[in-house]
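Data first, discussion second: the structure below is written as structure tokens.
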Amino acid sequence: MFLIDCPYCGEREQSEFKAGGEAHIVRPKQPTELSDDEWAEYLFMRKNIKGIQFERWIHIHGCRKWFNVARDTSNDVIKVVYKMGEKPPTI
Amino acid sequence: MLNYTNVITEKKTYSGLQMDEIKPVMKLIIRGKKREFLSAIGKSLNLLLPTSANTSSKSEKLSALWLSPDEWMIYSNEISSPNNNHYETENLLNKNICKTNLGAVTDVTDQFVLINMRGDKIFDLLETGSPFNFNNFREKKGAVTQTILAKIDVIIHNQNQNEVNLFVRRSFSQHLFSWMNDSASRL
Ligand SMILES: [Zn+2]
């Protein structure tokens, strides 16, 4: 368990949130022009790194807004929280 | 508010805590982002919507709760007539907000059950089933939060010293109220 600083509501407990997987994966502009392998790459392949990972989270039991989080997956320390549409910060 | 089955039928009293349902109370969810939306609401209701997080505002007749940067709940301070479910406020907002495409207005009167809690043990009870930190919240009149209580989504409005309004979806309300009673009996 850890605390997440919702950019809208402030610091709340993790159980109020839901994780939405890796952030900044861009949907291909022309899916029909992709090979099956390329499409599968976009759809399924995730980095799943040990260390700082950029993720999407939603404050599902609060304001119901999506936002981005840079979390160290090895110890759950959250480095930065930033809004949807913003570029990932350099850490 | 017509012909629905009551889920919370009696007022419960414990030492330092009383709980009962208040009804019928008009409740609306309003959503919008534009600046014109905020000013149209302000003009229509003579009530400024709270724009800072976890706060509320109040006029003589209505309370407005901040739920999200583009979502608010408005509810009536006084109970309304049990014989109809047409609300002046809703009609007014339909005209000034919906018809002008500024935002959305949804009547959630029957969706949410309002449980009124009184006494100095309110937060002792809430703390037994919620991950929310009530330390600052309890001191702040008008504070609002959405959180979980016994795994159920709730909206909590700190009305006054020792008075809290709690909103829960109707289908969860009977279970939540029985959980609250169980928890209150053990405080
Ligand atoms: Zn939030």
Side-chain angles (χ1 to χ4, degrees), chain A residues 1-27 29 48 50 52-91, chain B residues 29-33 38 49-56 64-73 103-104 106 108 111-112 123 126-140 142-158 166-169 171-172 176:
Chain A
M1 287 295 175
F2 51 92
L3 298 172
I4 300 173
D5 195 13
C6 171
Y8 306 100
C9 308
E11 204 165 64
R12 299 293 184 93
E13 220 250 355
Q14 184 206 341
S15 55
E16 288 189 13
F17 299 84
K18 226 174 184 170
E22 194 179 324
H24 308 298
I25 294 173
V26 182
R27 189 176 205 273
K29 287 224 163 59
N48 196 21
K50 181 180 178 185
I52 290 172
Q53 176 163 281
F54 298 100
E55 303 172 326
R56 298 174 301 176
W57 284 77
I58 183 173
H59 192 188
I60 189 85
H61 300 292
C63 60
R64 294 183 292 279
K65 292 282 175 205
W66 284 96
F67 55 92
N68 296 307
V69 162
R71 178 177 67 99
D72 191 327
T73 55
S74 63
N75 56 10
D76 279 343
V77 171
I78 290 174
K79 302 286 184 187
V80 193
V81 172
Y82 55 104
K83 289 183 182 172
M84 274 294 156
E86 287 178 13
K87 291 248 172 356
T90 42
I91 297 172
Chain B
I29 293 280
I30 55 170
R31 302 198 67 157
K33 285 188 176 139
L38 289 170
L49 287 180
T51 47
S52 46
N54 311 314
T55 60
S56 65
L65 315 181
W66 183 96
L67 299 182
S68 153
D70 56 4
E71 184 175 8
W72 291 264
M73 178 191 262
T106 313
V108 291
Q111 186 194 336
F112 281 98
F123 294 100
L126 297 178
E127 278 163 1
T128 62
S130 175
F132 186 74
N133 182 349
F134 288 102
N135 289 351
N136 295 323
F137 184 91
R138 64 190 301 161
E139 307 298 336
K140 241 177 101 189
V144 173
T145 186
Q146 294 188 91
T147 185
I148 4 186
L149 182 60
K151 300 191 177 166
I152 297 167
D153 281 13
V154 289
I155 303 169
I156 302 172
H157 182 205
N158 191 4
L166 184 144
F167 298 88
V168 58
R169 289 185 178 84
S171 54
F172 290 94
L176 183 72

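In what follows, chains carry the letters A, B, and so on, assigned in the order in which the sequence lines appear, proteins first and then strands, with residues in each chain numbered from 1.
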Pairwise side-chain contact, [X] with [Y], heavy-atom cut-off 4.5 Å (strictly under):
X      : Y     : result
A:R64  : B:S68 : no
B:Q146 : A:H59 : no
B:T147 : A:E13 : no

Among B:I148, B:N133, B:T145, which one satisfies side chain to side chain contact (heavy atoms under 4.5 Å, CB included) with A:R12?
-> B:T145
Could you tell me whether B:F172 atom CZ has more than 12 heavy atoms of other residues or ligands within 6.0 Å of it?
-> no
Take atom CG of A:N75 as the centre, draw a 6.0 Å sphere, and report whether it contains more than 12 heavy atoms from other residues, nucleotides or ligands.
-> yes
Atom of B:A53, atom of A:C9 and distance for their closest heavy-atom approach =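 Nearest heavy atoms, B:A53 then A:C9: CB-CA, 4.4 Å.
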Please report the shortest heavy-atom distance between A:Y8 and B:W66, naming the atom on each side.
-> O-CH2, 3.7 Å
Choice from B:L67, B:N54, B:I155 maximising heavy atom contacts with chain A below 4.5 Å |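 Ranked by contacts with chain A, first place is B:N54.
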Side chain, backbone, both or neither: which part of B:D153 has a non-hydrogen atom closer than 4.5 Å to chain A?
->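 The side chain, not the backbone.
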